[in-house]
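Let me begin by presenting the structure, written as C-alpha cells, before commenting on it.
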Amino acid sequence: MQAALRPSQTESREPSAASPLFPPQLLARLDKNGPRYTSYPTADRYHGGFGEQEYRQALQQRRATAPAEPLSLYVHIPFCESVCYYCACNKVVTRHHDRAARYLDALAAEIELHVRELGEGVPVSQLHFGGGTPTFLSDEELSRLMENLRRAFRFEPDAEISIEVDPRTATPERLAHMRELGFNRLSFGVQDFDPRVQAAVHRMQSFEDVRALMQSSRALGYASVNVDLIYGLPLQTTESFARTIAQVIALRPDRIALYAYAHLPARFKPQRRINEADLPDRETRVGLLSAAIDGFLKQGYAYIGMDHFALETDALAIAKRKGELHRNFQGYSTQPDRDLVALGVSAIGRIGNTYSQNAKVLDEYYAAIEAGRFAVERGLALSTDDLVRREIIMDIMCQGRVDYSRIEARHGLRFADSFGPELLQMANLAELGLVNLHPGELQVTGLGWYFVRAVAMAFDGYLRAPGTAASYSRII
C-alpha cells in the first residue's frame, strides 16, 4: 500500500469550487475520448486466446501461492423488466421472472466450479451484485443465491456486501430482507428526476419513491448508500438538472456517482431509440457537469475523482485524504484491488496477473456451465510492460501521484529511460496546469483531477495507434 500523502499534497490536489472548472482552452485540447481505467489493460484488449484452460490455471496458481488472501466477488444478474434507452450494460429484458430459475442453477454450478479449484472457505472481503437489475430476483431467489455463496466462501465479519437497486422494483420490505441477508451497502439507480428526461430514456420513477427507500435504508442501518446520476441525457437542461441535483442533495446519500452519457448507438441497440437532436450540446454538457460539481462540493461532498463524490465522513473520502484510495471494476474503492471472482454472464474478473470475461450471450454461458466448464470466452495474461503501466496508471487515478523511485525499485527500471515520451507529454500537461513535475515525482493538480483520465492516458501503451481511443466515452 502506498504511503499516505503529505497534507500539502492532498490540499494541492483538491478541486476548488471557486475557480473555473473547465477553461475553454483546456476543453479544446482535452475534450476527447478515453478509457475509464477500471482496469489496465482495458477490457477491449482482452482476446479469445485466453479461455477456460488459462483461467483454470490462474485459479490453481492462486490456490498454490495465496490460498488465504481475501477475494472480492462480483455477481452479474442480467435481467430487467424494461429497457432503459441509455443503457450500455449486458442485460436481458423480460417480464418472465421464471427465467431466473435456470440462471440461479447456472450460478450455483459456477460457484461449485470455483470451489473445486480454489478450495472451500476462501475468505471474501467484498461482494457486489450488479446488472441488469439484481432486484429482479425475488426475496426467495436472493436468499438462495446468498446461501450458495456463504456455503462456498467465508465472508469476513467486516465484508462490504453491496447491491444495485432499481427503485422501481424495490420496496422498504425488500430492503429489510436484503439487510437480513447481510447486505450493508446499496446503490440506487436514479439518473435524473426530471419527468421529461425520464420519459425520453424510458425510465419513470418519482422522487417520493426514492426518498421513501432512502429513509428505509437509514432506518435499517445500511452503512453506505450511493445514488447514480447521468449527465448528457436527452432533454436535460442546466435548469432541470439543477433541480435533480438539489433533490439528490436533499436525500443526502453517502456517495454519488455522476456518469457521462456515452451515445454509441452503433454498439448499443437501445440507444437508437434516443433522438440525437434531443441530446445536449458540448457547452450544455459541460455546464451540467460544472453545476453538479459545484453543487455537491458546496454541500459537504468531497470530489473523489472522475465520477465519484462522497460525504467528508464517508470511508471513501477518508481513504482519498489518506492516500489509500483504490480502483476496481466497480469504480473507486476503499479496499485493495484484490483478486476478483466474477460470476454470471459477461462478468469480468481478475485472478493474479490475468483478466477474464465470461460469455456475453446467455445461451453460450449456459452451454459452458451446464457442460461443467468455466464460461470464460476471452481474457488477458498481463505482460511485464502491462504490469508496470497498470501500477503507474492506478497511482495517477487513485493517488494523483507517481513516485518514480518507487516504480524503479519495484520493477528494476530507470523511469526516465523507460518512459521518456510519456514524460514529454507530462511536460505538456504541466504547461496546461494539470500536473506538477518535481524531481522524482509527478502530481496531479486540483484542476488536473477533472481531467485525470487524460493524464493516465499518456501512460497507456495501447493508445499509440491512431484512432484507438474513439470507442471510449468522452472525458468531459
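Numbers here are sequence positions counted from 1. Fair warning: this is a prediction, and the values are worked out from it, not measured in the lab.
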Check your understanding: About how many Å separate CE of Met178 and CD1 of Ile163, when rounded to the nearest 0.5 Å?
Key -> 5.0 Å
**Study point:** Ion pair Glu312/Arg321, N-O distance below 4.0 Å
**Key:** yes
Practice item. Flag the pair Lys360 and Glu377 as a salt bridge only when some basic side-chain nitrogen lies within less than 4.0 angstrom of an acidic carboxylate oxygen. Key: no
**Study point:** Distance-only side-chain donor-acceptor flag, Ser383 / Asp385, under 3.5 Å
**Key:** no
Review point. Nearest heavy-atom pair of Tyr222 and Arg179: which atoms, and what distance?
Key: OH-N, 3.1 Å
**Study point:** Charged N-O contact under 4.0 Å between Arg45 and Asp386
**Key:** no
Exercise for review: With rounding to the nearest 0.5 Å, note down the distance linking OH in Tyr261 to OH in Tyr86.
Suggested key: 10.5 Å
**Study point:** Electrostatic pair Arg168:Asp209 at N-O distance under 4.0 angstrom
**Key:** no
Point to revise | Side-chain ion pair, Asp460 and Arg389, N-O less than 4.0 Å | key: no
Practice item. Indicate whether the side chain of His97 and that of Glu81 have a donor and an acceptor atom separated by less than 3.5 Å. Key: yes
Review point. Would Asp395 and Arg390 pass as an ion pair if we require N to O under 4.0 Å?
Key: no
Review point. Around Arg252, counting heavy atoms of other residues, nucleotides and ligands shown, do more than 12 lie under 6.0 Å from its CZ?
Key: yes
Point to revise | Centroid-centroid under 6.0 Å between Tyr332 and His326 rings | key: no
